[in-house]
Amino acid sequence: MSIASKYEPAAAEAKWYAYWMEHKLFSSKIDHSKEPYTIVIPPPNVTGVLHMGHMLNNTIQDVLIRRARMQGKNACWVPGTDHASIATETKVVQLLKEKGIDKKDISREEFLTYAWEWKEKYGGIILEQLKKLGASCDWDRTAFTMDPGLSDAVISVFVDLYQKGKIYRGIRMVNWDPKGQTALSDDEVIMKEIASKLYYIHYKIEGTEDQFLTIATTRPETIMADVAICINPNDPRFTHLKGKKALIPLIHRAIPIIEDEYVDMEFGTGCLKVTPAHDINDYELGLKHKLEVIDILKDNGTLNEKAQILVGEDRFIARKKIGKLLDEAGQLEKIEDYKSNVGHSERTDAVIEPKLSLQWFLKMDEITKPAFTSVMEDVIQLHPPKFKNMYRVWMENVRDWCISRQLWWGHRIPAYYLPNGEFVVAKTAEEALTEANAKFGANWTLADISQDEDVLDTWFSSWLWPISVFDTEVFSTGQPNEELKYYYPTNDLVTAPEILFFWVARMIIAGYEYTGEKPFKNVYLTGIVRDKLGRKMSKSLGNSPDPLDLIAQYGADGVRTGMLFSSPAGNDLPFDEKLVEQGRNFANKIWNAFRLVQGWEIDKKLDGSANAASLEWFENRFHQALTEINEHFEKFRISDALMTTYKLVWDDFCSWYLEMIKPGFQQPIDPATHRKTIEFFENILKILHPFMPFLSEEIWHQIKKRTVEESLILASWPAEKGYDTKIIEEAVQVFEVVSQVRNLRASKGMSPKESLDLTINTQNEGLYSRFQAVLIKLANLSSLSFAENVDNAMSFVVKADECFIPMGDSIDVEEEKENLKKELEYTRGFLNSVMKKLSNERFVAGAPAQVVEMEKKKQADAEAKIKALEESLLKLG
RNA sequence: GGAAGUUUAGCUCAGCUGGUUCAGAGCAUCUGCCUUACAAGCAGAGGGUCGGGGGUUCGAAUCCCUCAACUUCCACCA
């Protein structure tokens, strides 16, 4: 045999991927004779690299898309990347810094030139990596969120929503990232528990020498921005302070002592410093009491002149220093350790600064309504459904979305400011100018107007993704093009739960707003890939294997199946290289099954009728498994679909079927059996293909020469056929006899090579006769006969059939008896429980007829088995 | 602080609207095998009071209550 005994994936993977690409087998075009099946990829960051989460995600998508393709659907998987504005900009800034360039010293245009260079150089690496995994995306459709068309779409949407009154500009408290120097949406802020300190600070009461009050704060550096002290009006401890003023330590500015029931008397000292510029709650309080706002921080997080002291210091350094200053001034009572939750930027990890600033917002109240009901009413289904509740809570509490970012990399906001202090929103500067001149009766030129410096939140473009990859015009025309009409709504979306709100919810919102339709039917939420210790795999922890290394080591098919062995939807995947090893072993198993079949010579003169029962069994067993697999797929139980396939292939096909029909060493096989076996193998390759595209395609073409059109990737998914459970059950019964004989050998320490005589006492001789050849081969029998009794024999009972194996004198009668008695006792107990149920009137009356029938059958089976066991015992004397 | 979910074999998980003696699967473990497709393998075997307690029922892993532990999401009181 010339084929290697170990499957070598590398060559096959390169070969078949190139083949599929060359013949454009992933590509999809409008074809009204076919039902479309569409997936849009969750676009990875354009400068990103493949991590294990992508592997899981994209494997699932590829499995779904390949199966759909084989089901005769027009499968279209649209790939692409996201410009990831803040992440990419942060990287570019970093890169420039390494070159000795400060972003502040260069113009927007220069910066963007660098950014595009970076994008051209590193963008799309991740897509190349996906190819290694076998992803069958229609690469001709590759899109980028900053492509001209997609960018136009974003601008159109902004203008449209502004005109609809849904986008507004206003001064609000936003999450400010001092490192990225931009505002962030609420969703981009991650709360982390931080060990901090609680400073207890004395504020003198104005006009007194020794009276003071104490406030507790975690942020002493903001005292210079205090505008009031707030007490609870019902707090008896502070009645004497009402109407007085307190002096801010160090700078001695007098601030009023105000009253509000917002202050919790139990918490801290009962006195609250009010700092509207640097705390969201204080800001609300400030609005209520019409307090001044004093902002002492610059955008980069250092103190400004208004702080009067420590000007220019970073907020954290200032915090330490002011502690010392307060102490020296005798106004620091104590410092306590304190745990508090502090917001961090999702991207830069900087501590978020609540900051009052002028930003653009999208009103969320109205626009979210269709998106809300569609998920609540299962028009869009989340898998697993537990995410529905999360979705509901988010939707019910969503606040207006801050969509402006003080960055350069992204879609620039199409608002133009006019000399008179007004602004207009329009797609282009020219349109803006025309509109402005008309509106204000002016004669301004382009030089007189200036565009907003900010760009839009990344998600403000990716929320259009399922639409804009097909049609970039519909947002302005309202007329869907042919592509959109055909492919949209897409079918399934596969993504991580982390971006359920960021992205999924917003796509649904945009979908209804711009097409009046859902963007997809199903959302499959994968779990997070974790290491053995349960930690999320991340670059910073260094606990993530390099996906490409894994592919090189175990093969793409091995990695794909390995990842799917244990990842039901919504469950985290505890990654263990063992899984991938199991995947590789599976590939190897299939490879070797092929080697066996491939090596057979066919002898046309041979009669294969002895194999008829085996063929019939496997045919039925295959269709039983196929039905199960299809059911699993319908329910998005991908792991279960794989496991069913795995067991069908390994246990039923390899361990049983091939062993059953395998001719002796170097013996030829009959044509009928060979033909059926190839047919079975081909069907197996078909159901394997979505999971293991490379190996299956490789073997498919080795079985026989095939044209491009006959490639497995385009083959038809096997049609479901009925199956006869009786045939399957009977075969299982025969297998059980085989196992018992083997077991008996093992327990007696006999070699498998030692053949045995088997005699069966049965009502069903026909069954065993049909499988006679199989029994003889697999149980290694020297003879198979039927009789009521055999002397000096070991015996066991399968169903109601007694099986005897004569052992001459070596048999231990007592032990045999013991074994039989044990089984008898068990079966009697079983029968007892059944009888108990059946004699219970309330059971017979109350339980469904089916259940009662089942119980009656159990009774009959158990009685037959008991009879057989009793006979066996009697025979032993 | 609010909400949801989870808890079944050493590990990862199935077990649908109660009904096989229901306690399962894969992996891992143990035993015996280099049996010419495969040692990345073959043939066997062992392993769990279904988180604790209580209840409903003829019958509970499954329904209800309660306690406990873990996870996630949302909120963020200085």
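What you see below is based on every heavy atom in this structure, not just the backbone, and it leaves out hydrogens, waters and symmetry mates. We name chains A, B, ... by the order of the sequence lines, and we start the count at 1 in each one.
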Nearest-angstrom distance, C1' atom, B:rU7 to B:rU12:
14 Å
Does either side chain, that of A:R595 or that of A:Q598, offer a donor lying less than 3.5 Å from an acceptor on the other one?
no
Checking contacts here: which listed nucleotide (B:rC27, B:rA25, B:rG44) is nearest the side-chain heavy atoms of A:Q582?
B:rC27
Looking at B:rU17, which nucleotide sits across from it as a Watson-Crick or G-U wobble partner, both distances under 3.5 angstrom, or is there none?
none
A:F575 near the nucleic acid: base, sugar-phosphate alone, or nothing, with a heavy-atom cut-off under 4.0 Å?
nothing
Nearest-angstrom distance from the residue atom NZ of A:K589 to C1' of B:rC38:
6 Å
Nearest whole angstrom, please: distance from the P of B:rC74 to the CG of A:N341.
13 Å
Could you tell me how far B:rA25 sits from B:rG48 if I compare only their P atoms? Round to whole Å.
14 Å
Students often get this wrong, so: under 4.0 angstrom with heavy atoms, is A:S655 touching a base, only sugar-phosphate, or nothing?
sugar-phosphate
Whole angstrom is fine here: how far is it from CD in A:E659 over to P in B:rC38?
11 Å
Donor-acceptor contact present, side-chain A:D572 to main-chain A:P574, <3.5 Å
no
Checking all strands, does A:T827 fall into the base, sugar-phosphate, or nothing category for heavy-atom contacts under 4.0 angstrom?
nothing
Using whole Å, report how far CG of A:N397 lies from C1' of B:rA75.
9 Å
Do any side-chain nitrogens or oxygens of A:S639 fall under 4.0 Å of OP1 or OP2 in B:rA14?
no
Stacked cation flag A:R506 on A:W401, 6.0 angstrom / 45 deg:
yes
In whole angstrom, give the distance that lies between atom CD of A:E577 and atom P of B:rC27.
18 Å
Across every strand shown, the nucleotide meeting Watson-Crick or G-U wobble geometry with B:rA3 (both distances under 3.5 Å) is B:rU72
Under 4.0 Å, counting only non-hydrogen atoms across every strand here, what does A:K6 touch: a base, just sugar-phosphate, or nothing?
base
What interatomic distance, in whole Å, is found between P of B:rU8 and the corresponding atom of B:rG46?
23 Å
Whole-Å distance, A:D531 CG to B:rC11 C1', equals 15 Å
Say whether A:S340 and A:T218, considering side chains only, have a donor N or O and an acceptor N or O under 3.5 Å apart.
no
Sticking with atom P, work out how far B:rG59 lies from B:rU20, rounded to a whole angstrom.
15 Å
Inter-nucleotide C1' distance (B:rA43, B:rG51), Å rounded:
37 Å
What residues in residues 386-396 of chain A put a non-hydrogen atom under 4.0 Å from any atom of RNA chain B?
A:N389, A:M390
B:rG44 - base-pair partner by Watson-Crick or wobble geometry, distances under 3.5 Å
B:rC30
Roughly, in whole Å, what's the span from CG in A:N585 to P in B:rA37?
19 Å
Taking only the side-chain nitrogens and oxygens of A:N588, find out if one of them lies under 4.0 Å from OP1 or OP2 of B:rG41.
no
Pairwise 5' ranking along RNA chain B for A:D186 and A:K273, keeping only the more 5' one:
A:D186
With sugar-phosphate meaning primed atoms plus P, OP1 and OP2, does A:S739 contact a base, only sugar-phosphate, or nothing at under 4.0 Å between heavy atoms?
sugar-phosphate
Base, sugar-phosphate or nothing for A:V597? Non-hydrogen atoms, less than 4.0 Å.
nothing
Assign A:K662 to base, sugar-phosphate, or nothing according to its heavy-atom contacts below 4.0 angstrom with the strands shown.
base
Taking 4.0 Å as the cut-off, does a side-chain nitrogen or oxygen of A:N571 come that near to OP1 or OP2 on B:rC13?
yes
Between A:S747 and A:L658, which has a closest nucleotide on RNA chain B that is more 5'?
A:L658
Using a distance-only test with no angle check, is there a side-chain donor-acceptor pair under 3.5 angstrom linking A:Y262 and A:N232?
no
Is the shortest distance from a Lys or Arg side-chain nitrogen in A:D260 or A:K288 to a carboxylate oxygen in the other one below 4.0 Å?
yes
Just to confirm, is there a sub-4.0 Å distance from OP1 or OP2 of B:rC27 to any side-chain nitrogen or oxygen of A:Y646?
yes
Side chains of A:Y200 and A:T217: any donor to acceptor distance under 3.5 Å?
no
Donor-acceptor pair under 3.5 Å: do we get one between A:R742's side chain and the base of B:rA43?
no
Can you tell me if the side-chain N/O atoms of A:R584 get under 4.0 Å from OP1 or OP2 in B:rG41?
no
B:rA45 phosphate, OP1 or OP2: any side-chain N/O from A:N743 under 4.0 angstrom?
yes
With heavy atoms under 4.0 Å as the rule, sort A:P752 into base, sugar-phosphate or nothing.
nothing
Hey, can you tell me if A:W650 and A:F586 have their rings parallel, tilted or perpendicular (30° and 60° cut-offs)?
parallel
For the side chain of A:R399, counting heavy atoms from C-beta on, which of B:rC76, B:rA78, B:rC38 is nearest?
B:rC76
Can you tell me the Watson-Crick or wobble partner of B:rA39, both distances under 3.5 angstrom?
none
Distance below 4.0 Å between A:W650 side-chain N/O and B:rC27 OP1 or OP2:
no
Could you verify whether a donor N or O on one side chain and an acceptor N or O on the other, from A:S751 and A:K753, lie under 3.5 Å apart?
no
Does A:E754 reach a base, just sugar-phosphate, or nothing at all? Heavy atoms under 4.0 Å.
nothing
Could you give the distance from CZ (A:F681) to NE2 (A:H674), rounded to the nearest 0.5 Å?
11.0 Å
Is there a donor N/O on one and an acceptor N/O on the other, under 3.5 Å, for the side chain of A:K578 and the base of B:rC27?
no
Of the listed nucleotides B:rC38, B:rG26, B:rA78, the one nearest the side chain of A:R595
B:rC38
C1' gap between B:rG55 and B:rG44, integer Å:
45 Å
For A:E188 and A:S185, which I'm curious about, is there any donor-acceptor pair between the side chains at under 3.5 Å?
yes
Rounded to the nearest angstrom, tell me the gap between atom CD1 in A:I590 and atom P in B:rG41.
12 Å
Nearest-Å distance once atom P is located in both B:rA9 and B:rG15
15 Å
Partner nucleotide, any strand, of B:rU56 [Watson-Crick/G-U, under 3.5 Å]:
none
Looking across every strand, which nucleic acid part, if any, lies under 4.0 Å from A:C654 by heavy atom: base, sugar-phosphate, or nothing?
base
What distance, rounded to whole Å, do you find between the two C1' atoms, one in B:rC13 and one in B:rA78?
46 Å
Under 4.0 angstrom, heavy atoms only, what part of the nucleic acid is A:F665 near: base, sugar-phosphate, or nothing?
base
Centroid separation under 6.0 Å, is that true for the rings of A:F653 and A:F680?
no
What does A:R637 touch in the nucleic acid at a heavy-atom separation under 4.0 angstrom: a base, only the sugar-phosphate, or nothing?
sugar-phosphate
